[in-house]
> 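This is the structure I have questions about; it appears just below.
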Amino acid sequence: MRILVTGGAGFIGSHLCERLLSDGHSVLAMDNLITGSTDNIAHLAGRDDFHFIHHDVTNYIFVSGEVDFVFHLASPASPADYLAYPIQTLKVGSLGTHKTLGLALAKGAGFILASTSEVYGDPLVHPQPEDYWGNVNPVGPRGVYDEAKRFAEAITFAYRRFHGLDARIARIFNTYGPRMRPDDGRVVPSFISQALSGKDLTVYGDGSQTRSFCYVSDTVDGLVRLMGSDSAGPVNIGNPDEMTIAQFADFVLDSVDSSSSIVNMELPRDDPRVRRPDISLAREILGWEPAVPLREGLAMTIDYFRGRR
Ligand code: NAD
Ligand code: UDP
């Protein structure tokens, strides 16, 4: 197939491009580089089956020739990024998703939206199944991302119902791995960078909030399986292995063998207290579950960050 990946120069997008190429597809990566980098896809440059298009998907999208499938990943994803680019985040989730759906419709292509566990907000149901509607503060700082993705989900299913577009939704939970920016502000690159440079690990709040971390190759495999399935979702893609952020800080210190200390800082507003995916649906409809344990995935990520220093 000829596949368009928006956000293709980003962290998950670049890994998805690689996986699709190795599965024999040809790939168009589209990105405006607001939080991504051509460094992530430089090793793919020059291949006949790979093309990069520098474009902001909130503007009309023109792609010549056939497109069989669209993965829509374009959006700032780190809380620090979407707080720095609130309007762009709202625009890419709304206008960008509209334009990308329009392209898929014009080309007769299938479509997957990369949605997020943030649609569940600060969840009152734990773990989170897909039929939980969420607890989001629309006017809080995180609302720019959460509501953009909720709108993106709504318009994706409207295109499915109204236009008959083969549109699907993956709700991705915290994903980590090589090619995250060391300074993107997310907890995995922050703690690893701090541990490697002997700086204090900045635990927000008392560290009792929980997250469940999924290695990027597992997330990408879930997305590829969703493309190959006949299900629309929404389907959770994440690792149910939950831990507190305080436990995660200790885990990173141990994995890096670092002598850094831990310092507690103010908890950001509306930071979800708990997060863990219920992946029963993904197991059932995709035959998918994560394969990479945290210790292994973290070791590969630490190697990447060491190499960049
Ligand atoms: P990322 O910031 O590394 O990648 C996002 C990419 O989108 C970047 O390359 C950025 O330049 C590009 N982009 C942003 N706005 C654009 C626009 N208007 N036009 C074209 N390109 C644009 O983040 P990521 O972690 O790789 O996330 C990828 C997708 O997965 C996002 O949609 C994110 O919401 C979703 N997601 C990620 C996670 C995670 O833990 N990494 C969790 C849930 C959902
Ligand atoms: N966090 C932290 N220290 C950091 C960065 C993040 O304690 O330097 C916490 C953050 O408050 C949240 C969790 O780690 O509870 C995960 O944050 P991240 O930004 O990675 O993503 P989120 O899951 O909040 O979208």
Side-chain angles (χ1 to χ4, degrees), residues 5-16 29-38 40-41 53-59 61 71-83 85 88-97 99-100 112-119 122 142 145-146 148-149 152 170-177 179-181 183-194 200-214 216 219-220 223 236-238 243-246 248-249 252 262-275 277:
V5 179
T6 77
F11 158 53
I12 300 180
S14 61
H15 287 277
L16 177 62
M30 183 173 283
D31 205 298
N32 70 349
L33 305 177
I34 188 172
T35 56
S37 167
T38 49
N40 292 334
I41 47 170
I53 306 168
H54 189 185
H55 182 68
D56 180 338
V57 298
T58 64
N59 298 317
I61 303 171
F71 283 93
H72 179 38
L73 274 69
S75 171
S78 155
D81 287 343
Y82 58 74
L83 295 180
Y85 302 113
Q88 289 94 328
T89 302
L90 281 157
K91 283 177 71 178
V92 73
S94 53
L95 304 176
T97 305
K99 298 284 180 287
T100 315
I112 289 181
L113 170 71
S115 186
T116 166
S117 53
E118 282 277 330
V119 300
D122 188 5
R142 298 177 85 101
Y145 180 66
D146 303 7
K149 289 287 186 180
R171 290 190 183 142
I172 301 170
F173 283 63
N174 294 68
T175 296
Y176 70 97
R179 305 203 191 120
M180 296 184 95
R181 298 186 339 262
D183 61 350
D184 88 0
R186 289 185 271 196
V187 71
V188 175
S190 297
F191 283 4
I192 294 176
S193 307
Q194 290 161 348
D200 292 346
L201 269 59
T202 53
V203 170
Y204 297 163
D206 62 5
S208 61
Q209 70 274 29
T210 69
R211 293 296 186 273
S212 313
F213 298 105
C214 190
V216 63
T219 297
V220 163
L223 292 173
N236 290 338
I237 300 291
M243 61 175 62
T244 67
I245 294 302
F248 181 62
V252 170
I262 287 173
V263 61
N264 291 94
M265 297 179 67
E266 194 183 344
L267 186 69
R269 200 168 140 207
D270 298 335
D271 198 289
R273 294 295 314 156
V274 289
R275 181 179 293 157

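Because the structure is a prediction, the values reported are computed rather than measured. Start at 1 and go down the list; that is how both ligands and their atoms are numbered.
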> Nearest protein heavy atom to atom 11 (O) of ligand 1, by residue and atom, and its distance?
Asp31 OD1, 2.6 Å
> Assess whether a salt bridge exists between Arg142 and Glu118, defined as any Lys/Arg side-chain N lying under 4.0 Å from an Asp/Glu carboxylate O.
yes
> Quick one: look up the protein heavy atom nearest atom 7 (O) of ligand 2 and list residue, atom name and how far away it is.
Tyr204 N, 2.7 Å
> Out of Thr202, Val274, Asn264, whose heavy atom is nearest to atom 2 (C) of ligand 2?
Thr202
> Given Pro79, Pro272, Ser78, which one has a non-hydrogen atom that is nearest to atom 19 (O) of ligand 2?
Pro79
> Purely on distance, is any nitrogen or oxygen of Gly36 under 3.5 Å from one on ligand 1?
yes
> Classify the contact between Arg186 and ligand 2 as side chain, backbone, both or neither, using a heavy-atom distance cut-off of under 4.0 Å.
both
> Just need the protein heavy atom nearest to atom 10 (C) of ligand 2, so name the residue and atom and give the distance.
Asp271 OD2, 3.3 Å
> Check each of Ser75, Ala77, Ser37, Gly177 against atom 5 (C) of ligand 1 and report the one with the nearest heavy atom.
Ser75
> Under 4.0 Å between a side-chain nitrogen and a carboxylate oxygen: does that hold for Arg211 and Asp271?
yes
> Around atom 4 (O) of ligand 1, find the nearest protein heavy atom and jot down its residue, atom name and distance.
Gly10 CA, 3.5 Å
> Just to confirm my output: which protein heavy-atom neighbour is closest to atom 13 (N) of ligand 1, and how far is it?
Asn32 OD1, 3.4 Å
> Can you check whether Leu73 has an N/O within less than 3.5 Å of an N/O in ligand 1?
yes
> Any sub-3.5 Å donor-acceptor pair from Thr6's side-chain atoms to Ala74's backbone N or O?
yes
> Between Ile172 and ligand 1, find which residue part has any heavy-atom pair under 4.0 Å and reply side chain, backbone, both or neither.
both
> Does Val216 form a side-chain contact (heavy atoms from CB on, under 4.5 Å) with Tyr176? I'd like the steps, not just the answer.
CA-CA 6 Å; Val216 63; Tyr176 70 97; over 6 Å; no
> Looking at ligand 1, would Gly96 count as a contact under a 4.0 Å heavy-atom criterion?
no
> Could you tell me if the side chain of Ile61 sits less than 4.5 Å from the side chain of His55, heavy atoms only?
yes
> Below 4.0 Å from ligand 1: does a non-hydrogen atom of Arg171 turn up there or not?
no
> Any idea which protein heavy atom is nearest atom 34 (O) of ligand 1, and the distance to it?
Tyr145 OH, 2.6 Å
> Using the side-chain contact (heavy atoms from CB on, under 4.5 Å) rule, take Phe191 and Ile245 through it: C-alpha gap first, then chi angles, then the decisive distance, then the call.
CA-CA 10 Å; Phe191 283 4; Ile245 294 302; 3.9 Å; yes
> Lys149 versus ligand 1: do any nitrogen or oxygen atoms come within less than 3.5 Å of each other?
yes
> Report yes if some N/O of Thr116 lies less than 3.5 Å from some N/O of ligand 1; otherwise report no.
no
> For ligand 1, which part of Lys91 has a heavy atom less than 4.0 Å away: the side chain, the backbone, both, or neither?
neither
> My understanding is that we take every heavy atom of each candidate and find the minimum distance to atom 25 (O) of ligand 2. Doing that for Gln209, Arg142, Gln194, Met265, which one comes out nearest?
Arg142
> When you look for heavy atoms under 4.0 Å from ligand 1, do you find them on the side chain of Ser78, its backbone, both, or neither?
neither
> Under 4.0 Å from ligand 2, counting heavy atoms only, is it the side chain of Val187, its backbone, both or neither?
both
> What I want to check is whether the side chains of Ser14 and Arg179 have a donor and an acceptor closer together than 3.5 Å.
yes
> For atom 25 (O) of ligand 1, what is the closest protein heavy atom, and at what distance to 0.1 Å?
Arg186 NH1, 2.9 Å
> Would you check, one step at a time, whether the test side chain to side chain donor-acceptor pair (under 3.5 Å) holds for Gln194 with Thr202?
CA-CA 8 Å; Gln194 290 161 348; Thr202 53; 3.0 Å; yes
> Go through ligand 2 atom by atom and flag the ones less than 4.0 Å from a non-hydrogen atom of Arg275.
22 (P), 23 (O), 25 (O)
> So, is Ala74 polar-close to ligand 1, with some N/O to N/O distance under 3.5 Å?
no
> Starting from atom 2 (O) of ligand 1, which protein heavy atom do you reach first, and at what distance in Å?
Thr35 OG1, 2.7 Å
> Tell me: protein heavy atom nearest atom 40 (O) of ligand 1, and distance?
Thr175 N, 2.7 Å
> Does one side chain, of Thr35 or Arg181, offer a donor that lies under 3.5 Å from an acceptor on the other?
no
> Write out the residue and atom name of the closest protein heavy atom to atom 26 (O) of ligand 1, then the distance separating them to 0.1 Å.
Ile12 N, 2.8 Å
> Using a 4.0 Å heavy-atom cut-off, which part of Val188 comes near ligand 2: side chain, backbone, both, or neither?
neither
> Can you tell me if Phe248 contacts ligand 2 (heavy atom of the residue under 4.0 Å from the ligand)?
no
